[in-house]
Amino acid sequence: SEFVYHAILLSFIGHPEIFPLVFTTKTQEIFNCRVDEDVTEENCFKLIKKEDIIQDLQTRAAISDFHPVKKVVLEYPGEELLVVFDAKFQYGQNFYLVASEEAKENLLKRPETTEEKEEEKEEEENREATLEVQLYKPPVHKPWVSLGSEKEVEEESVKETATKIKYMISRVRRKFGAPITFTDKNASHVKDSYVECTSYQDKTFSIKMLEKDVGVQMIPKIREASTQTKWTYPKNAATQYFPRQLSNEEKEESLSSEKLKEFLTSVHLRMEIALQQNEIMNAFFDDWKALAEDESSSGGKPDVYLKAYQSFTDLRYLKDRTISCVCWHPTIYGIIAVSARKQLSYEEQVNLSEKSLLQQSVILFWSIFDPIHPQLMLECPEDVYCFQFSPSDPNIIVGGCINGQVALWDISQHEEKLQNAKPAADGIKMTAVNTVNASVLHIFTESPLVRYCTVSSMQYSHKKPVTDIHWLPGYSEENQMGATFENRAEVRVQLVTCSPDCSILFWDIPATKLPEQPSSEKIEEEGIFNIPPDVPDTLKHLDLCWKPLIKINLYESDINTEHGPVRISLRELHYHYKTSEKVPSLNTLEVPVKDSPHTDMSAPSSKNLKALENISTGFFVGTEDGEIVYSDWKMEIDSDSAKPVGQKHTQKYTIHTETINTLQRSPFFKDIILSIGGRNFAIWKEGVTNGPMLQSSCSAGRYTAGQWSLTRPGVFFVGRDDGNIDIWDLLKKTYEPSHFQNISESMITFISPCIASPKQHFLAVSDDLGVLHVLEICQALSHASRNEHANVLDYFEREVKYLK
Amino acid sequence: MDETPGVRDLIHQLLLVFVTEQAGTRWLPVFQAEVEETLKRIQAHKGVIATMVINAEGIPIRTTLDNSTTVQYAGLLHQLTMKARSTVRDIDPQNDLTFLRIRSKKHEIMIAPDKEYLLIVIQNPCE
């Protein structure tokens, strides 16, 4: 601190009080200021008497070290002079002389004061240890001591060097407040009639400042910098959760709590009011819209027609033949199959003694794109009376023959050909000139003849022609006892056939053999004919030894009359040709149909299958004599004799006079059946035993065929023996057909509707001459109005009530 | 005496009250029977597809549907009810939600809320 003080003090260069001196060793010895002995860096002050210096000057004169400062020494007022040892050579020499009393005093006092201060500090610290509160000592007023800085202050201060110029402007007093006189000047005398005081630049104000005193301060360099940090924070990308659920005990506890009971008591009234409101009426029913729809359908006569689309006939195979059955291919658009049989008169049909094999009986496949050439032909052992495609696999076709046998075809090899049946090339147009060539061409482009895979054994089949054949629904299966079991695989495996020999047969196709893999089992025992190599092996082992599973004889034990069933209709015949079955609606909870993979083809063993309790086993049968019989196939164990006995309740109705040709359930209502025979038709409801709900009056001609419409619940088509089709609409008129149209000249033998696409609905009509007519159903007949289903249902319910 | 169902119910309820004061937990099955009966009556209405009782946190207590559907309905409808209730109360704090009906193309969902429970009924209104 001492040196700092000296540095500040002596940094003013040219200070008049400091005189650097060089002391030789001799001088140092004389004055006892030897370096590092008398004076040291710390103890650098040495007071020397003035008289000694003067004496030294006199003795040594010019060589005395004090010679340069002789004048200063002589003028020095005090007695002792201070000599300071300059260890750091601040002033250039190793000693310097302080020439004024005040400076000497200051120099001497400072070290002392610092020493004193240090002592005081120690004392203070000691005192602080003892005292807690430090007393505040206000600063003591001290006289100002000049340290010589006035000179610098004066030099730096800014003073005006130039004397200021004074101007005095005066005006005669009498002119103050004197009245002002204005004079006029003609504006046109001045250029532009514009007077102004223009400004001009005064030269006295253009002095440039050439020199200016500016203060400059040095500062360290400042630089501004900034950074941005990326703030990453966790954010939820996905959440996986599962719902909380209560355990059974907790549920029980809640259910039995008082609070729940109170809640339900308070709430159930509101709920019931709301439920009842919905039952009473539909608050959101748009009356205006409904009115518009009704008008469009009932107002004015809509254009009802069946437009002729295509007609098919074949000269070779269908000559002198009548078409017995028509079936649309369930999945491929536009493919229709017809079976033909020989035209027989009524007596010949009954007796059936002779069978002529002159003409090969076939089932023909037509495509609506190609009316000339049949796509496929199935070879039949005998005339086929009726046939059906299998709903689960449209490549399997079963047909009932005129001799009582059942035949099965597998057309999976030709499936592709059928699917690719595109419209025939328009180049081949038949003109009158080319008819000769056409027949030649026909031979070359013959469609393949597919032989049947299996035919049932002669012994166990029907004795009379098989008149009706149906596939049973896939989810049920019967065993020997007649109990219905669940069918695990969705493949249709069972058929039912009926024949006028008073029997109904249930046939079984083993599930393992139905897929197209060739059966690797043992091939066969008894009598196989030469099978052409391109017939698939499906069910080859069953050929000619195919036996029915169950046989039901329709006898009435007490009256001992026989019924010759011609048509049969079971309740559960619901064909779903679309691949996606099970629509999970909240309403159906009755029969749980299990999902099963199609690959699981093990033969179903009846032990593991669940017995279905609530499948209805009743069926309707239409007989040769025109009777409708309602019976049940389930076998019951007679309690007395412990033997299986058939059901006793059968109902018989004689409405029709001639043999029944149609017995069909409505596609919309499972318990409504249409029966057509002879000169009238009837509509029945299953379960209503009084009689038919609706019975038509006797018509002039005979009804020969009939079918429900697939899209409108109250419409059905009836074919007559004069070639007309009657269209009955139950919502319009129930006493006569709403529309009729002539299709051909001969008797209509079969009608089959089909929904080919949402816009195209076809009706296939076959007649006695072997011609198949395909008609397009107009929109009015194919599109149901909004409430039609409900209205028809109401109508049927009303009819049932009238019956009672 | 020709009793109307209302009087019978009243007597039934009075008896219950009288009896429950004597015994404590022994009458739990009886409570449950009442609850069951009310729920069965609601379920037996024409067109009712499903009935559910849900607690205040949205966990189903009693349902006639399968588990996954129930849980889905419970979660969604619980949130909707909370939202509806808060809406009503925001507009007027003195007010409270008493019933909520959602009509869709296929069916109608009716929700009766309460402080601790929620009764949900799905009905198919007949055309």
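Below, chains carry the letters A, B, ... as their sequence lines are ordered, and counting in each starts from 1. All figures in this text were calculated on a predicted structure; none of them were measured in a lab. Side chains are part of it too, since the values below use all heavy atoms of this structure and drop only hydrogens, waters and symmetry mates.
- B:Ile54 does not touch chain A: none of its heavy atoms, backbone or side chain, sits under 4.5 Å away.
- Contact of the B:His45 side chain with the A:Asn278 side chain is not registered, since no non-hydrogen atoms from C-beta on lie closer than 4.5 Å.
- A heavy-atom distance below 4.5 Å is found between the side chains of B:Asn67 and A:Gln245.
- Remark: B:Leu76 pairs with B:Gln72 by the side-chain contact (heavy atoms from CB on, under 4.5 Å) rule, at least two apart or across chains.
- Nearest heavy-atom pair across A:Glu272 and B:Ile42 is OE2-CG1, 4.3 Å.
- Atom-to-atom distance recorded for A:Leu264:CG and B:Glu34:CD is 10.0 Å, nearest 0.5 angstrom.
- Contact detail for B:Val35 and A:Leu255: the closest heavy-atom pair is CG2-O, 3.8 Å.
- At a threshold of 4.5 Å between non-hydrogen side-chain atoms, the residues A:Lys259 and B:Tyr117 count as touching.
- Taking CE of A:Met271 as the start and CZ of B:Arg41 as the end, the distance is 13.0 Å to the nearest 0.5 Å.
- Ranking B:Val121, B:Val53, B:Asp114 against chain A, the residue ahead of the rest is B:Asp114, based on heavy-atom pairs under 4.5 Å.
- Rounding to the nearest 0.5 angstrom, the gap separating the CG atom in A:Leu260 from the CG atom in B:Leu39 is 7.5 Å.
- From B:Ile61, atom CD1 reaches atom OG of A:Ser257 across 7.0 Å, with rounding to the nearest 0.5 Å.
- Among residues two or more places apart in sequence or in another chain, the side-chain contact (heavy atoms from CB on, under 4.5 Å) test is passed with A:Glu262 by A:Glu258.
- Although no hydrogens or angles enter the test, the distance criterion places no donor-acceptor pair under 3.5 Å between the side chain of A:Arg270 and the main chain of B:Ala112.
- Listed options B:Arg101, B:Glu108, B:Glu57 were ranked by heavy-atom pairs under 4.5 angstrom with chain A; first place goes to B:Arg101.
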### Residue pair A:Asn282, B:Arg103: steps toward the side-chain contact (heavy atoms from CB on, under 4.5 Å) verdict
CA-CA 11 Å; A:Asn282 184 3; B:Arg103 184 71 174 249; 2.3 Å; yes

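- Expressed to the nearest 0.5 Å, how far OG1 of B:Thr63 lies from NZ of A:Lys251 amounts to 8.0 Å.
- Minimum heavy-atom separation, B:Pro60 to A:Leu246: O-CD1, 4.3 Å.
- Proximity of a side-chain donor or acceptor of A:Glu279 to a complementary backbone N or O of B:Lys46 within less than 3.5 Å is detected.
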